[in-house]
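Keep in mind that the numbers below use all heavy atoms, side chains included, and drop hydrogens, waters and symmetry copies.
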Amino acid sequence: MISIKKIDHIVLRTANPERMIEFYCNALGCTLERELKNFGLAQLRAGDCLVDIVSVDGELGKQGGGAPTADSNNLDHFCLQIQPCDEQALIDYLKSKGVKTGNFEDRYGAEGDGRSTYIKDTDGNTIELKISKNNSSG
């Protein structure tokens, strides 16, 4: 029987991997963990998960068709669970990084109801930032 524990990683295809890596590392605090340039793949550490950035021009990216756009994304959204924080301070921080954000609202997720907001990355992919209900990182 399968018993799913959590999301391990997501893979985002892009025509501009450098811009995407800069966004996830600079605005969201991910770190570049591994890069396989011959495949067009960069793997970014996001807490105890990974966000993989794949160039549409690379070996892996070519398998997925055309490049995503603001109107034709690869996914609806994904949710990153974040440590508890001051909502307004986070909004102010994101704005200082040039990231547009909405207000925090109550939404349902893996830990039940909780506070979250939506942002977009440089390719227009929607990211939900959801405040964790517990203070542990995993």
Side-chain angles (χ1 to χ4, degrees):
M1 181 162 108
I2 295 174
S3 177
I4 296 173
K5 182 177 177 183
K6 64 178 180 175
I7 293 174
D8 181 82
H9 70 277
I10 62 161
V11 179
L12 297 174
R13 297 173 61 255
T14 182
N16 194 332
E18 294 81 15
R19 186 176 69 171
M20 289 282 276
I21 292 166
E22 172 67 20
F23 172 83
Y24 281 91
C25 291
N26 186 35
L28 296 184
C30 294
T31 55
L32 180 61
E33 181 162 308
R34 190 168 86 131
E35 199 166 13
L36 301 173
K37 291 190 183 236
N38 56 323
F39 288 106
L41 169 68
Q43 294 180 298
L44 310 179
R45 176 63 51 189
D48 58 357
C49 303
L50 293 175
V51 175
D52 291 357
I53 305 296
V54 174
S55 172
V56 295
D57 296 331
E59 184 176 326
L60 296 175
K62 287 179 182 176
Q63 299 172 20
T69 67
D71 296 326
S72 299
N73 291 324
N74 289 331
L75 62 113
D76 178 70
H77 81 277
F78 66 94
C79 181
L80 296 175
Q81 194 175 97
I82 61 174
Q83 291 294 330
C85 63
D86 178 88
E87 294 174 7
Q88 189 58 53
L90 179 58
I91 289 171
D92 293 343
Y93 167 79
L94 290 168
K95 286 182 181 176
S96 78
K97 297 292 186 179
V99 180
K100 294 179 184 175
T101 180
N103 293 322
F104 275 84
E105 296 181 22
D106 289 322
R107 295 184 177 91
Y108 190 79
E111 293 183 335
D113 289 326
R115 305 284 290 165
S116 73
T117 188
Y118 290 102
I119 62 171
K120 290 192 180 281
D121 69 17
T122 56
D123 272 6
N125 294 302
T126 301
I127 306 161
E128 181 179 359
L129 298 176
K130 190 156 192 346
I131 297 174
S132 175
K133 289 187 175 185
N134 55 42
N135 291 322
S136 68
S137 61

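Rounding to the nearest 0.5 Å gives a distance of 8.5 Å between CZ of R34 and CG of D52. Rounding to the nearest 0.5 Å gives a distance of 7.5 Å between CD1 of I131 and CZ of R115. Taken from CD in E18 to CG in N16, the straight-line distance is 6.0 Å, to the nearest 0.5 Å. Distance check, rounded to the nearest 0.5 Å: CZ of R45 to CG of D48 gives 7.5 Å. In this structure, NZ in K130 is found 12.0 Å from OG1 in T117, a value given to the nearest 0.5 Å.
Between R107 and D113 there is no salt bridge, since none of the side-chain N atoms of the basic residue sits less than 4.0 Å from a carboxylate O of the acidic one. Salt bridge annotation for E111-K133: absent, with no cationic side-chain nitrogen under 4.0 angstrom from a carboxylate oxygen.
Between the side chain of T31 and the backbone N or O of E33, no donor-acceptor pair lies under 3.5 Å.
I127 and I7 fall within the same hydrophobic cluster, where Ile, Leu, Val, Met, Phe, Trp and Tyr residues are linked whenever their side-chain heavy atoms come under 4.5 Å apart, directly or through other members. A continuous path of ILVMFWY side-chain contacts below 4.5 Å connects I82 to L94, so both sit in one hydrophobic cluster. There is a path of hydrophobic side-chain contacts, each under 4.5 Å, that joins I91 to Y93.
You'll find the side chain of H9 stays beyond 4.5 Å of the side chain of V51, heavy atoms only. Residues L28 and C25 have side chains not in contact (no heavy-atom distance under 4.5 Å, counting atoms from C-beta outward). In this structure, the side chains of I53 and V11 stay at 4.5 Å or more apart for every pair of heavy atoms. Under the 4.5 Å side-chain criterion, counting only non-hydrogen atoms from C-beta, I119 is in contact with F23. Residues L12 and M20 meet the side-chain proximity criterion, which asks for heavy atoms closer than 4.5 Å. Between L44 and I21 the shortest side-chain heavy-atom distance falls below 4.5 Å. Two residues are said to be in side-chain contact when any heavy atoms from C-beta on lie closer than 4.5 Å; L90 and F104 meet this criterion. In this structure the side chain of Q88 reaches within 4.5 angstrom of the side chain of D92, judged on heavy atoms.
Residue N103 qualifies as open at atom CG: its count of foreign heavy atoms under 6.0 Å is 12 or below.
For the residue pair C30 and A46, the shortest heavy atom distance occurs at SG-CB, 3.8 Å. Closest approach of A15 and D123 over heavy atoms only: N-OD2, 4.1 Å.
Relative orientation of the Y24 and F78 rings is parallel, given thresholds of 30° and 60° on the angle between their planes.
Judged purely by distance below 3.5 Å, without hydrogens or angles, the side chains of N26 and K97 pair a donor atom with an acceptor atom.
Counting only residues at least two apart or in different chains, salt bridge (charged side-chain N to carboxylate O under 4.0 Å, His left out) contacts with residues 8-17 are absent.
The side chain to side chain donor-acceptor pair (under 3.5 Å) test with S116 is passed by exactly one of E87, Q81, E105, E128: E128.
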